[in-house]
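One structure is given below, encoded as structure tokens.
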Amino acid sequence: MHTARTQQDLIVLDFETSGMAPQRGDRAIEVGAVKVNDGRIVDHFESLMNPGFRVSSFIEEFTGITNDELRRAPRCEEVMHQFSEFIGGAPLVAHNASFDQRFLKSEFARIGECKLLRFGCSMLVARRLYPEAPNHKLATLVAYKNLPSQGVFHRALADAEMTAHLWMEMEREVCQRCQVDTVPFEVLRGLGKVSPKKIADHLEKVLSFQSESLMLS
DNA sequence: TGCCAGGCCCTCTTTAGGGCCTT
């Protein structure tokens, strides 16, 4: 069995938010993230965030995060400074990354942080690798691939952990298909962006990358 | 008054529309 190796830190993150659209004033209310290296979760970050207003009863029920908890939580700006230090310059992964990317950019903009964000999307890659799955919701994929789960959903750290296990599973999947020991982040990330008919061509890049690495070493 | 996210993907498509996925 192949063991996929992540040769650098990878941050897998998830936001719980007050709604769907930061451009309409929605804010992050919880951030959870894990640091992955060498195929293992080696660190984590978790914090509630006080957005400065009450969230809807729907969000309270959906996430289990109450307005009373948010009132006592540190403000978003304080948490985001800490989170920026946590992620450093590492590449990022999220499930349906366009959603988390919008909120991360929005919250970073509020604190004047403008670091380059390289996002991989576990949902887009899963659509390519597991087109036969019932659907590509995070919970469904976790069950479909029998991945580790504490049975908690819609909380930031729990969702980030499950997304990390999904990403590592997909790394292993590509390594097995290509008979290689490692798959670069950019190759796996790119798999989510190619057309379904070009998956085989894209995976050939894994082999060529492996060959080039061996020649350079 | 009516609408109100956005990026990706598929198809009954491309001068478009609707479903998926995230909270």
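By convention in this document, chain letters (A, B, ...) are assigned in the order of the sequence lines, proteins followed by strands, and residues within each chain are numbered from 1.
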(request) For a side-chain hydrogen bond (donor to acceptor under 3.5 Å, both in side chains) with Ser122(A), tell me which candidate from Glu169(A), His165(A), His95(A), Arg189(A) qualifies. (result) His95(A)

(message) Rounding to an integer number of angstrom, what distance separates dG18(B) and dC4(B) when you compare their P atoms?
(response) 12 Å

(request) Kindly say if His154(A) contacts the phosphate of dT23(B), meaning a side-chain N or O under 4.0 Å from OP1 or OP2. (result) yes

(request) Mind calculating the distance between CG (Leu13(A)) and P (dT23(B)) to the nearest angstrom? (result) 12 Å

(request) Assign each of Arg128(A) and Phe58(A) to its nearest nucleotide of DNA chain B by heavy atoms, then name whichever residue's nucleotide is nearer the 5' end. (result) Arg128(A)

(message) Please classify the nucleic acid contact of Arg155(A) as base, sugar-phosphate, or nothing, using heavy-atom distances under 4.0 Å.
(response) nothing

(message) What is the distance, to the nearest angstrom, from the CZ atom on Phe103(A) to the P atom on dG7(B)?
(response) 13 Å

(request) Can you sort out the partners of Phe153(A) under side-chain contact (heavy atoms from CB on, under 4.5 Å), two or more places apart, ordered by chain and number? (result) Ala139(A), Ser149(A), Asp159(A), Met162(A)

(message) Between dC9(B) and dT14(B), how many Å separate the two C1' atoms, rounded to a whole number?
(response) 14 Å

(message) Rounding to an integer number of Å, can you tell me how far Phe62(A) CZ sits from dC21(B) P?
(response) 13 Å

(request) With C1' as the reference atom in both, quote the distance from dA5(B) to dT23(B) in angstrom, rounded to an integer. (result) 11 Å

(message) Under 4.0 Å, heavy atoms only, any strand: does Thr63(A) hit a base, just the sugar-phosphate, or nothing?
(response) sugar-phosphate

If you restrict it to nitrogen or oxygen atoms, what contacts under 3.5 Å exist between nucleotides 2-6 of chain B and the protein, and what is each distance?
| residue | atom | partner | partner atom | Å |
| --- | --- | --- | --- | --- |
| dA5(B) | OP2 | Arg24(A) | NH1 | 2.7 |
| dA5(B) | O3' | Gln23(A) | NE2 | 2.1 |
| dA5(B) | N3 | Arg102(A) | NH2 | 3.3 |
| dG6(B) | OP1 | Gln23(A) | NE2 | 2.8 |
| dG6(B) | O4' | Arg102(A) | NH1 | 3.4 |

(request) Quick one: list whatever passes side-chain contact (heavy atoms from CB on, under 4.5 Å) with Arg177(A), sequence neighbours left out. (result) Leu129(A), Glu173(A), Leu203(A)

(request) Answer with base, sugar-phosphate or nothing: what part of the nucleic acid does Leu138(A) contact at a heavy-atom distance below 4.0 Å? (result) sugar-phosphate

(request) Starting at atom CD1 of Ile65(A), determine the distance to atom P of dT23(B), rounded to an integer number of angstrom. (result) 11 Å

(request) Pick base, sugar-phosphate or nothing for Asp14(A), based on heavy-atom distances below 4.0 Å to the nucleic acid. (result) sugar-phosphate

(message) By the 4.0 Å heavy-atom rule, please label Asn135(A) as base, sugar-phosphate, or nothing.
(response) sugar-phosphate

(request) Taking atom P in both dG7(B) and dT1(B), compute the distance separating them and give it to the nearest angstrom. (result) 31 Å

(request) Could you pull out all residues at least two apart from Pro91(A) that satisfy side-chain contact (heavy atoms from CB on, under 4.5 Å)? (result) Gln8(A), Leu10(A), Arg118(A), Phe185(A)

(message) If you compare every side-chain N and O of His136(A) against the phosphate oxygens of dC20(B) (OP1, OP2), does one of them come in below 4.0 Å?
(response) no

(request) Starting at atom CG of Leu166(A), determine the distance to atom C1' of dC21(B), rounded to an integer number of angstrom. (result) 13 Å

(message) Looking at Glu61(A), I'd like to know if its CD atom is crowded, meaning that more than 12 non-hydrogen atoms belonging to other residues, nucleotides or ligands lie closer than 6.0 Å.
(response) no

(message) I want to confirm an ordering. Mapping Leu124(A) and Lys137(A) to their closest nucleotides on DNA chain B, which one lands closer to the 5' end?
(response) Leu124(A)

(message) Nearest whole Å is fine: how far is dC8(B) P from Arg189(A) CZ?
(response) 11 Å

(request) Using the P atom as the reference point in each nucleotide, state the distance between dC8(B) and dT13(B) in Å, no decimals. (result) 22 Å

(request) For nucleotides dG2(B) and dC21(B), find the distance between their C1' atoms and express it as a whole number of Å. (result) 26 Å

(message) Using the C1' atom as the point on both nucleotides, what is the distance between dG17(B) and dC12(B), in whole Å?
(response) 10 Å

(request) Return the value, rounded to whole Å, for the distance between atom CZ of Arg127(A) and atom C1' of dT22(B). (result) 11 Å

(message) Tell me if the CD atom of Gln23(A) is crowded by more than 12 foreign heavy atoms within 6.0 Å.
(response) yes

(request) To the nearest Å, give me how far apart CZ (Phe153(A)) and P (dT22(B)) are. (result) 11 Å

(message) Quick check: do Glu46(A) and Glu30(A) have side-chain heavy atoms less than 4.5 Å from each other?
(response) yes

(message) Per the ring pair (Phe, Tyr, Trp, His ring centres under 6.0 Å) rule, what does the pair list look like for residues 35-72 of chain A, sequence neighbours excluded?
(response) Phe45(A)-Phe83(A), Phe45(A)-Phe86(A), Phe58(A)-Phe62(A), Phe62(A)-His154(A)

(message) Starting from Leu116(A) and following side-chain heavy-atom contacts under 4.5 Å between hydrophobic residues (I, L, V, M, F, W, Y), which residues can be reached?
(response) none

